[in-house]
Amino acid sequence: MSAIVIEPGVTPRRRFFTPEDRVFVAIGLYGALALAIAVPLVLMFLWSIADGWSPPLIIPRDYTTARWASLLNDAGLLGATINSIVIAVVVTFLTAVIALPTAWAMARFPFRLKRLVEIFILAPIIIPGLVVAVGIGQVFLHFGLAYSVTGVILVQIVGTLPLMIRLMTATLETIPDDLIHAARSLGAGTVGIVLHIILPLAVPGLLAGGLMSFIGSFEEFDKSFIVGAPVVQTLPIKLYMYLDPYSMQLPLASIVSFILLLPALVVFIIAGRILRDDLMAAGMGKI
């Protein structure tokens with residue numbers, strides 16, 4: 001007589017969404033996206049072309065492009081734009097140069113208190129930027145770096161370096177040790193290994209970190225304001241001046257906001273097309 005084995009009942013896994021729910025999920029996601037992004041953009045655009053807009057009007061009654069024309073021909077805005085672009089390019093380059101050896105050490109060499117060093121590296125983006133800016137501003141004032149482009153570049157590197165090191169560390173950790181050992185066994189020196197193996201394989205991390213560093217520098221305000229203003233003018237500083245509570249100029253601020261937004265949109269479109277999601281996730285500490 002054979003024994004009857006009763007398998008324990010398996011509770012089916014609960015599914016939060018079914019294929020029939022995809023329409024409602026899509027409506028909810030696109031609705032949230034519209035509220036978070038589209039509505040503010042539309043309001044900014046309306047403010048930039050409104051020729052008088054006050055309650056109880058829902059939308060402006062009259063429109064004009066005169067502010068766009070006058071602001072785009074403003075030499076001060078052009079100078080601030082050039083400053084922002086040049087500073088962002090220099091900050092991105094120097095951040096990559098500094099981050100690469102640091103990330104290599106973090107990815108390849110185990111040592112004591114490594115976790116503490118990682119927290120120390122991330123400290124500038126953990127601590128509020130204004131606190132960091134005030135402390136560094138006092139040091140730069142003592143060394144004569146305050147109110148200069150050099151000082152603004154250095155203080156922005158403090159903010160962009162942690163994320164670049166994080167992304168580069170995630171990239172360099174994926175390079176197999178066997179590949180480097182094989183190159184050494186074939187006679188490759190340190191310079192050859194760096195130029196022909198490490199740098200080509202680190203390109204995705206460099207691109208990801210470079211794009212994030214460029215946007216972070218281009219839109220950085222608090223550190224640049226404390227160290228550089230009013231001598232060094234960048235677009236975020238220019239935007240702050242238009243949002244001064246004593247002389248608030250919302251139409252002009254809206255135009256500057258659009259100019260600030262354009263590079264970010266371009267960079268994130270490029271990042272979405274050429275970068276891997278797993279690299280970004282690893283750099284943010286998610287995998």
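Remember, it's a predicted structure, so these values are computed and weren't measured experimentally. Note: hydrogens, waters and symmetry copies are ignored here, and every other heavy atom, side chains too, is used.
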Enumerate the salt bridge (Lys or Arg N to Asp or Glu O under 4.0 Å) contacts for residues 53-79, please, sequence neighbours excluded, ordered by first and then second residue. none
From the list T95, V232, V90, side-chain contact (heavy atoms from CB on, under 4.5 Å) partner of I153 resolves to V90
[X], [Y]: one ILVMFWY side-chain cluster at the under-4.5 Å cut-off?
| X | Y | result |
| --- | --- | --- |
| L94 | V152 | yes |
| V134 | V227 | no |
| I165 | L100 | no |
| M106 | I119 | no |
| V97 | I157 | yes |

Between [X] (side chain) and [Y] (backbone), is there a donor-acceptor pair under 3.5 Å?
| X | Y | result |
| --- | --- | --- |
| N83 | Q233 | yes |
| T171 | L167 | yes |
| T65 | W68 | no |

Side-chain heavy-atom pair [X], [Y] within 4.5 angstrom cut-off:
| X | Y | answer |
| --- | --- | --- |
| F109 | W104 | yes |
| I49 | Y63 | yes |
| L41 | M44 | yes |
| P162 | P124 | yes |
| L116 | F120 | no |
| I87 | V149 | yes |
| Y240 | L235 | no |
| I98 | M164 | no |

What heavy-atom pair brings T64 and A50 nearest, and what distance separates the two atoms? CG2-O, 4.2 Å
Please name the pair of heavy atoms, one in A107 and one in L172, separated by the smallest distance, quoted to 0.1 Å. CB-CB, 3.9 Å
How about I59: does its CD1 atom have over 12 heavy atoms from other parts shown lying under 6.0 Å from it? no
Around F93, counting heavy atoms of other residues, nucleotides and ligands shown, do more than 12 lie under 6.0 Å from its CZ? no
Sequence neighbours excluded and cut-off under 3.5 Å, please list the side-chain donor-acceptor pairs for residues 253-270, or say none.
| from | atom 1 | to | atom 2 | distance (Å) |
| --- | --- | --- | --- | --- |
| S254 | OG | L250 | O | 2.8 |
| S257 | OG | A253 | O | 2.8 |

Between side-chain atoms of residues 199-221 and protein atoms elsewhere (two or more places apart, or another chain), which donor-acceptor pairs fall under 3.5 Å?
| from | atom 1 | to | atom 2 | distance (Å) |
| --- | --- | --- | --- | --- |
| S213 | OG | G209 | O | 2.7 |
| S217 | OG | Q156 | OE1 | 2.3 |
| E220 | OE1 | S224 | N | 2.9 |
| E220 | OE1 | S224 | OG | 2.8 |
| E220 | OE2 | D222 | N | 3.4 |
| E220 | OE2 | K223 | N | 2.9 |

Roughly how far, to the nearest 0.5 Å, is [atom2] of [Y] from [atom1] of [X]?
| X | Y | atom1 | atom2 | answer |
| --- | --- | --- | --- | --- |
| S48 | L43 | OG | CG | 11.0 Å |
| L145 | L154 | CG | CG | 6.0 Å |
| L179 | I193 | CG | CD1 | 9.0 Å |
| L122 | I127 | CG | CD1 | 11.0 Å |

Evaluate the side chain to side chain contact (heavy atoms under 4.5 Å, CB included) criterion for residues I237 and T234: first the C-alpha distance (whole Å), next the side-chain angles of each, then the deciding distance (0.1 Å), finally the verdict. CA-CA 5 Å; I237 295 176; T234 61; 3.4 Å; yes
Show the numbers, then the answer: is there a side chain to side chain contact (heavy atoms under 4.5 Å, CB included) between Y242 and L71? CA-CA 12 Å; Y242 289 136; L71 197 59; 3.3 Å; yes
